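First up is the structure itself, then whatever we jot down about it.
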Amino acid sequence: MNTNCESARTASTSDVPRRRRLILAIASTLAVRGLPARAQSDQLRRVAVLSGGAKSDGAGFFESFLEGLRELGYREGHNVLVDARWADYSAAQAAKLADEIAALMPAVIVANGGGIAPAYRLSPPVPVVFLISGDPVDAGFADSLARPGRNATGMSLLALDLIVKRLEILKEIHPRLRRVALLASPEHAGQRHELAASRAAAMQLGVEVSYHEARNPAELETALAAVAAEQPDGALIFSDGLMYGQRKALAAFFLKHRIPSAAGWSVFPESGHLVSYGAERRAAWRRMAYYVDRIIKGARPADLPIELPTVVEMVVNRRTAAAMNLALPPAILARADRVIDSPASL
């Protein structure tokens, strides 16, 4: 009896190191399974941001993207490294930056504007999450909105159903609205869809339209001369890259000729245009974090549907209205998400 006990005690003592190793191994396995977020934090994922614009124009939107990542549990330097680069509206610079980013082997590239095409065309392909102002299918970045089918997905700000609302708002502010000039770049992906939707919306509201297109600032000057000659009651500006870049010059032109103008993004009334109604772009940038998270966790861009904006805003410039002798209806002021009273930065 005593011998057996002694043998058992001896065996037990000799097994202690091996058992400790086994217990530690089991504990480590359970810790990894039970705490996926902590395990993930040990792996630093690189997320690149390639903007076709300037940092001064996009810093606020970039911060919204970072907020979205933080809401999903990502922490800079802990489980994610965000590398943001700005092409300053240069196609050559965007291509150069895309090559530099590819060499760093990011998990995903978030791109907008002129940064989308060079990021999408990298070889071998890198997962891309885009925020595009036009139609990603027309641009060749996706097979369809429902199933992109390629290495890119994200959000399109081209919400055609909002065009009717823009014209309705313009007519509510300017009841004598009968003729509207449309201004757009034909090189913008989705322009033909937006033009068709604008004409349909105008017909629905009993408004005549004239269409003026321009591919560059020089052509835009010619187009504006034609607009000045016809003196429309209002203008509808497509939110493409050219109109965005020339928004201040456009605002000065419309103010000079007393032509109230409407556009899709708040940056237009912030620059002196009368009104905007469209996607709230900070919310759209925050949504980019959702796509990044899905891709990091193993989803393929090809399988993630492209979304349209779900958060929209109306912004009105009261000083511009006053300069054009337009009284903003109380209903417009009540519905506006923001009313600008400060001088336009023309």
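Sequence positions, counted from 1, serve as the residue numbers for this chain. Computed from a prediction, not measured in an experiment: that's the story for all the values here.
- Using the six-membered ring where Trp is involved, F238 and Y211 have ring planes that are tilted, between 30° and 60° apart.
- Residue E208 qualifies as open at atom CD: its count of foreign heavy atoms under 6.0 Å is 12 or below.
- D240 places a side-chain N or O within 3.5 Å of a backbone atom of L242 that can act as its donor or acceptor partner.
- A single hydrophobic cluster is not seen to contain both M288 and V311; linkage of ILVMFWY side chains at heavy-atom distances under 4.5 Å, directly or through other members, places them apart.
- Between the side chains of H174 and D233, no donor N or O sits under 3.5 Å from an acceptor N or O.
- Residues L274 and F254 are not in side-chain contact: their nearest non-hydrogen atoms beyond the backbone lie 4.5 Å or more apart.
- Here the side chain of D337 pairs a donor or acceptor atom with the backbone of M314 at under 3.5 angstrom.
- For R176, the CZ atom sits in a loose shell: 12 or fewer heavy atoms of surrounding residues, nucleotides or ligands are nearer than 6.0 Å.
- Hydrophobic clustering of Ile, Leu, Val, Met, Phe, Trp and Tyr side chains at less than 4.5 Å, counting indirect connections, unites L162 with V209.
- Every residue two or more places apart in sequence or in another chain was checked for a ring pair (Phe, Tyr, Trp, His ring centres under 6.0 Å) with Y291, and none qualifies.
- Among residues two or more places apart in sequence or in another chain, the ring pair (Phe, Tyr, Trp, His ring centres under 6.0 Å) test is passed with Y290 by none.
- Clustering ILVMFWY residues whenever any of their side-chain heavy atoms sit less than 4.5 angstrom apart, transitively, puts L183 in the very cluster that holds W265.
- Between Y244 and F268, the ring-plane angle classifies as perpendicular under the 30° and 60° cut-offs.
- Pairs of residues two or more places apart, or lying in two chains, that qualify as side chain to side chain donor-acceptor pair (under 3.5 Å) and include a residue from residues 111-131 are S51-N112, Y120-R150.
- When atom types are taken as modelled, the side chain of K165 and the backbone of Y277 share no donor-acceptor pair closer than 3.5 angstrom.
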Side chain to side chain contact (heavy atoms under 4.5 Å, CB included) evaluation trace for I101 with L122 = CA-CA 10 Å; I101 288 170; L122 287 173; 5.6 Å; no
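- In this structure, D135 contributes its side chain and A189 its backbone to no donor-acceptor pair below 3.5 Å.
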